[in-house]
There are 2 protein chains.
Amino acid sequence: MSRRIGIKDVAREAGVSAATVSLVLNDRATTRIPEATQDRVRRVASDIGYAPNTLARGLRTRRTHTIGFVSDRIATTPYAVRMIEAAQEAAREHAHLLFLVSTGGDPEVERSAIETLKSHQVDGFVYACMWHREVEVPAGLPAGSVLLDARPARGAYPAVVPDDRGGAVAAVQALVDAGHTRIAYLDVEEDPLPLASGLRLEGYLEVLARAGITPDAALHVRGASDAAGGMAAADRVLALPPEQRPTALFCFNDRLAMGAYAAARHHGLAIPTDLSVVGYDDQQLIAAELDPPLTTVALPHHEMGRWAVEVLLGVRDRPGPDETEDGVVLMPCPLIRRDSVGPPPTREPGRRRV
Amino acid sequence: MSRRIGIKDVAREAGVSAATVSLVLNDRATTRIPEATQDRVRRVASDIGYAPNTLARGLRTRRTHTIGFVSDRIATTPYAVRMIEAAQEAAREHAHLLFLVSTGGDPEVERSAIETLKSHQVDGFVYACMWHREVEVPAGLPAGSVLLDARPARGAYPAVVPDDRGGAVAAVQALVDAGHTRIAYLDVEEDPLPLASGLRLEGYLEVLARAGITPDAALHVRGASDAAGGMAAADRVLALPPEQRPTALFCFNDRLAMGAYAAARHHGLAIPTDLSVVGYDDQQLIAAELDPPLTTVALPHHEMGRWAVEVLLGVRDRPGPDETEDGVVLMPCPLIRRDSVGPPPTREPGRRRV
DNA sequence: CCGGACTGCTAAACCGATTAAGCACCTGCC
DNA sequence: GGCAGGTGCTTAATCGGTTTAGCAGTCCGG
């Protein structure tokens, strides 16, 4: 193959200097170069199929139009990937390219990935987690990097996380609004507890308090973060004596909710007639497929991913202090209403199904 | 911030020329430069924190150590993302970085993404689909680009797709081995039909033929690609008269299988005692969470992703013609044995459950 | 007719590396 | 003493652009 077509070729063909071509194609100092010349240059450029070499340009301008997106994992939880998709989309809208690196959470890999990206002269970094976490920002991550689904243990970085507390408030409020007063929280059991666990608990308690409902410790149960754990946990609260038994379940996530459905079935309870259930995460594969479809709270992965690169590129104003908590912005988690919430049963909590 | 540390700084500090530094740090022409000097250069480089500028190097050497990964989507099906993860992992192992672009399948976006990536001088392209498809390779995609989960409609490109037919063979064979002779295929209903649908049907029929089982057209049913569709389709075959009713279901995917579980429940059939079920895709969220856990066929996303970049980088030999079909390599789909397959019921297909 | 301002460009340095060509010095041999 | 050959580097060109400074030429006012 012959040499790539460069700015010089355009210059020669158009009968001007390379400098002029550069000025024209970058709309620089445009006043000084007459339209006629500009048109000619542009015509020639497109005729001979000129394409700029971003490398060369970046070398000179020190802006490469690339972003390093470093993430602990990418494929753990299915929908967190939306963050990446949204980040890439936002990057594309602003003519940037995303370098994707997943480190598996290994600090050494992380460090070396950051160095590599720096040597590629990325314009900035997004440091993402696939779970809402507090992170020790890796040494070497430049100031101004933005944190995604992570809050910095120390240091000031723009950061965005889901508003787990607000999401829980919306979920539990929906239950209260439907008339429930005995609402259980099927929490997750993990070591260490995810940040979201405590935040959602706060939201849960906040709504109860506002509604004048005294929290019942027996209604806060924990289970492993899967359907089996959800089933076991739900089973415990559903086995309580009738007057103590909850009429609604707020589940830490959709998998627990899936287990709760199974437990409800075993107890002969129909959803939402006898028991209302709200999940969290809005995992389509579960939430939409369950029978009945699960009312749940969605994680704003898309919005967060977009936010991160827009802030990084400076095309979105960083929020004022009122929108943030300790400097990290809380992205709202919308309640997705489907069919698993209804009013509490009026009398006996339902008859057995066959 | 002061200027970046460059090769010249190392040169000055070590008392040699920039050329020497370059030669030493790249282990070039090493015979001509004495160990003492080399050590000194390397020491200085690390002392003053020299990091090479990959852009400058790439400009000169015409190798940027970057790969363009362009994909129709990234977040549609959760586990397909593993392809990206594996591709990135393989790239990292060979000191390459991945530019991730998702185009949403829009040809115009695709075209422009490819141009952008070219202007960034990527060393090569992976063109990926999130579903096994035949694709019209976009104009502008250079020869030598590798196709991932896609087979080219025309033109010769290295390409890898899952061996859907082989996966179906494994699945149905497991059923036959368990003793089943009446095996239904719960196929997907979509327009157009995915390639996988036909291939898995071929595998299904192949096993039946080998086992001397005459296929029963009534046992090949289609449903929408979700739990509801699976339920409806399963319902149809389970409602057949006892002597025609299948004792095992091979499902196009795990979501259909999930629906089949529900249908089985409605018919009072226990899995695997009364009915055996095999899925496809191994979507953890479904397959592992179902009760009982679903035996299914896994898509080799990880292996395919890795294959693509290894072939692109020339570190893996392209397969001989025996491993391929029309020049595209078929990556095996392993059967994941869980608990949804058992021998067919001996007499009556089970009593009603309470 | 001269000087200043404006117009329309170009020359050349620069970004940070790689690399081909070659220079200066030393040694050894005839 | 002269020359070949080896050693240990350096010089300078190059990759493909951007950008600053400034050069010619023209116009215009005085």
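Order of the sequence lines fixes the chain letters, A, B, ..., with proteins taken first and strands second; residue numbering starts at 1 for each chain.
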Starting at [atom1] of [X] and ending at [atom2] of [N], how long is that distance when rounded to a whole Å?
X	N	atom1	atom2	value
B:Arg28	D:dG8	CZ	P	20 Å
B:Leu25	C:dA17	CG	C1'	11 Å
B:Ile5	C:dC15	CD1	C1'	17 Å
A:Arg63	D:dT19	CZ	P	12 Å
A:Ile33	C:dT10	CD1	C1'	10 Å
A:Glu35	C:dG8	CD	C1'	14 Å
B:Arg62	D:dG16	CZ	P	4 Å
A:Ile48	D:dG16	CD1	P	13 Å

- Task: Select from B:Arg40 and A:Ile7 the residue whose nearest nucleotide in DNA chain D is closer to the 5' end of that strand.
- Result: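 By nearest-heavy-atom nucleotide position, the 5'-most residue is B:Arg40.
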
- Report the residue (A:Ala19 or B:Val16) whose heavy-atom-nearest nucleotide on DNA chain D is the more 5′ of the two.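 That would be B:Val16.
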
- Under the ring pair (Phe, Tyr, Trp, His ring centres under 6.0 Å) test, residues paired with A:His65 that sit two or more places apart: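 Checked A:His65 against ring pair (Phe, Tyr, Trp, His ring centres under 6.0 Å); matches are A:His96.
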
- Message: Quiz question: by atom type and distance under 3.5 Å, do the side chains of A:Ser71 and A:Ser102 form a donor-acceptor pair?
- Response: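 On atom types as modelled, these side chains do not qualify, holding no pair under 3.5 Å.
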
- Message: Can a side-chain donor-acceptor contact be found between B:Thr20 and B:Ser17 if the only test is distance below 3.5 angstrom?
- Response: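 The criterion, which ignores hydrogens and geometry beyond distance, is satisfied for B:Thr20 and B:Ser17.
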
Measuring from the side chain of [X] (C-beta onward, heavy atoms only), which nucleotide among [options] has the closest atom?
X	options	answer
B:Ala56	D:dT10, C:dG16, D:dT19	C:dG16
A:Pro34	C:dA17, C:dG8, D:dC9	C:dG8
A:Leu23	C:dT18, C:dT10, C:dA17	C:dT10
A:Thr20	D:dT11, C:dG16, C:dT10	C:dT10

- Is atom CZ of B:Arg43 surrounded by more than 12 heavy atoms (other residues, nucleotides or ligands) closer than 6.0 Å?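 No, CZ of B:Arg43 has 12 or fewer neighbouring heavy atoms, counting only those of other groups under 6.0 Å.
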
- First locate atom NE2 of A:His301, then atom CD of A:Glu85, and finally report the distance between them rounded to the nearest 0.5 Å.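 So the gap between those two atoms works out to 12.5 Å.
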
- Message: Rounded at 0.5 Å granularity, tell me how far SG in A:Cys129 sits from CZ in A:Arg73.
- Response: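 Those atoms lie 11.0 Å apart.
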
Hey, does the side chain of [X] come within less than 4.0 Å of [N]'s phosphate (OP1/OP2), counting only N and O?
X	N	result
A:Thr37	C:dC9	yes
A:Tyr50	D:dG16	no
B:Arg60	D:dT14	no
B:Ser17	D:dC9	no
B:Asn53	C:dC15	no

- What about B:Phe69 and B:Phe99, are their ring centers closer than 6.0 Å?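 Distance test on ring centres: not under 6.0 Å, no.
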
- Message: What's the angle between the local helix axes at either end of the helix from C:dC1-D:dG30 to C:dC30-D:dG1, using five pairs per end and rounding to 10 degrees?
- Response: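 It works out to 80° between the end axes.
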
Using a 4.0 Å heavy-atom cut-off, does [X] contact any base of the nucleic acid, only the sugar-phosphate backbone, or nothing at all?
X	answer
B:Ala36	nothing
A:Thr61	sugar-phosphate
A:Thr54	nothing
A:Val21	nothing

Less than 3.5 Å apart, which donor and acceptor atoms pair up between the side chains of residues 135-147 of chain B and the rest of the protein, not counting sequence neighbours?
residue	atom	partner	partner atom	Å
B:Glu136	OE1	B:Arg154	NH2	3.2
B:Glu136	OE2	B:Arg154	NE	2.7
B:Glu136	OE2	B:Arg154	NH2	3.0
B:Ser145	OG	B:Pro142	O	2.7

